[in-house]
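Note that ligands are numbered from 1 as they come in the structure, with each ligand's atoms numbered from 1 the same way. Here the structure is a predicted model, which is why all the values come from computation and not from measurement.
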Amino acid sequence: MMSAERLTLDASELAGDYQLRTRLIHGPGVLSQLGELARSLGARRALLVTDPGIVAAGHAGRGHAYLENAGLDVLLFAGARENPTTADVERGVESAAGFAPDLIVGLGGGSSMDCAKGINFILTNGGQMRDYWGVDKATRPMLPLIAVPTTSGTGSEMQSFALISDAETHVKIACGVKNTCAKIAVLDPELTVTQPPSVTALTGIDALSHAIETFVSTKKTLLSRMYSREAFRLLSHSFEMVLQEPTNLSARSAMQMGACLAGMAIESSMLGAAHALANPLTAKFGTAHGQAVGLMLPHVVRYNAEQFEPEYQLLMQSFAAPQRRRASEHPNKPSGSAELADWLVSVLRLAGLATELRGLHVTADHVSDLAAAAAPQWTGTFNPRKVDAEVLGRLYHRAL
Ligand SMILES: [Fe+2]
């Protein structure tokens, strides 16, 4: 294993600049610490950013009560929507304008956390989201943020980027500044038990795709690989369990930490071609991100493996799905890209997700437009094997 590892990381990948910016608190029931954690940051006035589903599940009310019980004034903004837009951010900024918060709490899925980060940009630095498109465009200090994820998917709680869609063009504006990182991430697996089965499936496959794409990306580093590998171990072990036993708290906990670690890997190693292929499906067909990326990923794994099979063999050493444990009793069983791609298709089926593009009403006639839209996607530039419009078109055709 050590020699294989040496073969796949060169000196530049062993170099890096690492700083953990977020205090991470994980465990069943840790939401109850929210009030004292807010006070530990010196906060008196908290803007609680969430979405209507989280309000209906009762989580926002509990978070609100913990903050108030610790003596904070709280303003609730429940206007975060899936794939939050610049308009959602503007509404949040308007609602907070007279309140003058000294803390923002993002409580919900990746959308609530991204919306909270977006609101933080405008409240503290003024202007509009597109002013901050790119890296390090905001110069003034930002409000402290506490991130409380209720899904196991994006890992946004550990990332410095806010992803906000332009309300008019629907282009995703990625704004990255180190001090947008949450000061504290509160990971309470009990919050993930109430999510609808479709959300468990879609966010779980997305988290898995993050672990897999970060492990092989051109930007991988020694530390990002540690995160990717452990994320893959936790997620592959527990994804089928949470689909079949939604109240299994140990499996929920493993998924939540797996998604979080995969998010930490993205922070330095970025993603790959499956995300480049997924974004146009979401933009043109409204396909949910997890469905789109999960459907395309097996094809990307097979394509990459023609040049990078040892990378997938290395990753599969951390594969921990239950059937893999049985297979490990047969040490000669091959375990590389083919086994990984086949397993991904099997979990898509188990999750009730489409495994072919025709199931999403995508036909061969759509492929050239999709490929043209996928080719300029930034995330594709980090794929280990080069992709262009022609290759991406071939991958869409294989997925039909
Ligand atoms: Fe993703």
Undergrad: For the Fe ion (ligand 1), what is the closest N, O or S atom on His210?
TA: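 Per the distance ranking, His210 contributes NE2 as its closest N/O/S atom to the Fe ion (ligand 1).
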Undergrad: Taking everything shown except Lys137 itself, do over 12 heavy atoms lie less than 6.0 Å from its NZ?
TA: yes
Undergrad: Mark yes or no for whether Glu213, through its side chain, and Ala273, through its backbone, hold a donor-acceptor pair below 3.5 Å.
TA: yes
Undergrad: Ring centres under 6.0 Å, that's the criterion: do His366 and Phe285 meet it?
TA: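 Distance test on ring centres: under 6.0 Å, yes.
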Undergrad: To the nearest 10°, how many degrees is the angle His289 NE2 to the Fe ion (ligand 1) to His275 NE2?
TA: 90°
Undergrad: To the nearest 0.5 Å, what is the distance between CG (Leu243) and CG (Leu350)?
TA: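 These two atoms lie 5.0 Å from each other.
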Undergrad: So, of the N/O/S atoms that Asp206 has, which is the nearest one to the Fe ion (ligand 1)?
TA: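 Checking each N, O and S atom of Asp206, the shortest distance to the Fe ion (ligand 1) belongs to OD1.
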